[in-house]
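Worksheet: one structure, shown below.
Predicted model only: the values in this text are computed from it and were never measured. The basis for the numbers below is simple: all heavy atoms, side chains too, and nothing from hydrogens, waters or symmetry mates. First the proteins, then the strands, lettered A, B, ... as listed; each starts at 1.
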Protein chains: 2
Amino acid sequence: MALGHAVLAALLEGDASGYQLSKRFDVSVSNFWSATSQQLYRELDRLERHGLLHGRVVEQRGRPNKRVFTLTTAGRDHLHGFIEQPSRPTAIRDDLLVKVQAFDGTDRDAIRAAVVDRLDHARRKLALYEQLRDDLLDGRSEDTYLRDADRVGPYLTLMGGRMFEHQIIQWCTKVLDVLDQRLHRT
Amino acid sequence: MALGHAVLAALLEGDASGYQLSKRFDVSVSNFWSATSQQLYRELDRLERHGLLHGRVVEQRGRPNKRVFTLTTAGRDHLHGFIEQPSRPTAIRDDLLVKVQAFDGTDRDAIRAAVVDRLDHARRKLALYEQLRDDLLDGRSEDTYLRDADRVGPYLTLMGGRMFEHQIIQWCTKVLDVLDQRLHRT
DNA sequence: TCGTTATAGACAACAAGTTGAATAGGTGCC
DNA sequence: GGCACCTATTCAACTTGTTGTCTATAACGA
């Protein structure tokens, strides 16, 4: 139940409906997990059946009713239990890397385009993370924030996402370098 | 068909049986994809049905026969086609990050242990990658290798894995720092 | 000789994730 | 006035990935 734990962790930041949760997963939660809205709804049902959270229907004018979910005590306990379990290191699985691996000299332009694309995406992500970071720090220094904040988890995972994208940028730059060097060879 | 492409790419390094392939996935291929042997056997059957590779049975003395798979021309073409398709950036999905996100002060020791564990694992992985790199370079400088080598893909993905683990190490170190700072607060 | 590790696979059940579509009112823009 | 996007959720079908069990043989060391 990997997604489930991510959902429970996300709800630590406050109650939310499925839709709100999917928005949360699009931005801040994307640092540590990703999921489509369909997955989320399915998982919310499942977690509710297991008593780890409970939803109440909120009626709305002019738009469909929504179900807002809250963590139960059992849900919090479950999260604590999860933290104690060993976690396997995540394996890398990346289309772009498969493409680079398969590079045999004939499809240089296509590979180059794919890498440039990813580089672009990573830069955008990084900018978003910097923004989120500024919002979170709200003028304070990192040290001050880390000392005083109630929950440091969200900041640390954000730093994780930031470093991740940074590394992608480095790698892409290197790959482009190599590809361009080889252009002059042939 | 994401796994399929990884298998095809792995076979670019030479023909292999299911078992050999699973070994390959454990070491060098793990830089860009991961899969269990069960997944591999299933995928090999599928790829053969689609004509992207073909297997021939090799009889062995004293042990079960093995099927050795070779890329077909259709398989190579398919790989080239794949390279031209846009690839979505991989989403992060990591148990450890979920745990850190969920950190609420009460389970400091468990989180710490999980991070130390991961740090350890990353260091080991990094050492392995350095070894693979040395083997690949075989005394040559990186520049020389990149200029002369037939296929630079494997080296570049290896560098990807290397940078990835390096970044993990940085992040883990930072998290431990923060956790230990907070110890002195409470 | 017994247990362990490595080789080489097959099969089944289940969990997780993706893709595509449907519903239905609301807001903003040209 | 129409079109596109936003809110909010659900359903169905499918592909991927995980976990566990099973059958064999061979080499190695205690």
Query - base_contact_polar (D/dG17 base, B/Arg42 side chain, donor-acceptor, <3.5 Å) - result: yes
Show the distances under 3.5 angstrom between N or O atoms of the protein and N or O atoms of nucleotides 19-23 of chain C.
residue : atom : partner : partner atom : Å
C/dT19  : OP2  : B/Arg88 : NH1          : 2.9
C/dG20  : O6   : A/Gln38 : NE2          : 3.1
C/dA21  : N6   : A/Gln38 : NE2          : 3.3

Query raised in the report: With sugar-phosphate meaning primed atoms plus P, OP1 and OP2, does A/Ser17 contact a base, only sugar-phosphate, or nothing at under 4.0 Å between heavy atoms?
Result: sugar-phosphate
Query raised in the report: OP1, OP2 of D/dT9 versus side-chain N and O of A/Tyr41: anything below 4.0 Å?
Result: yes
Query raised in the report: Hey, do the aromatic rings of B/His50 and B/His78 have their centres closer than 6.0 Å?
Result: no
**Report entry** pair A/Leu8-A/Leu47: side-chain heavy atoms closer than 4.5 Å
**Finding:** yes
Query raised in the report: Less than 4.5 Å apart, any side-chain heavy atom of B/Leu3 and any of B/Phe25?
Result: yes
**Report entry** Nearest-neighbour nucleotide for the A/Trp33 side chain, D/dT7, D/dT9, C/dG17 considered
**Finding:** C/dG17
Requested in this report: Looking only at side-chain atoms of A/Arg93, point me to the closest of D/dG17, C/dA6, D/dA8.
Outcome: D/dG17
Report task. Check the distance between D/dA8's P and A/Leu21's CG and give it to me in whole angstrom. Result -> 13 Å
**Report entry** Protein-nucleotide distance (A/Lys66, atom NZ; D/dT10, atom C1'), rounded to Å
**Finding:** 18 Å
Query raised in the report: Tell me the side chain to side chain donor-acceptor pair (under 3.5 Å) pairs involving residues 164-179 of chain A, sequence neighbours left out?
Result: A/Lys174-B/Glu142
Query raised in the report: Is the backbone N or O of B/Leu179 less than 3.5 Å from a side-chain atom of B/Arg108, with the two atoms forming a donor-acceptor pair by type?
Result: yes
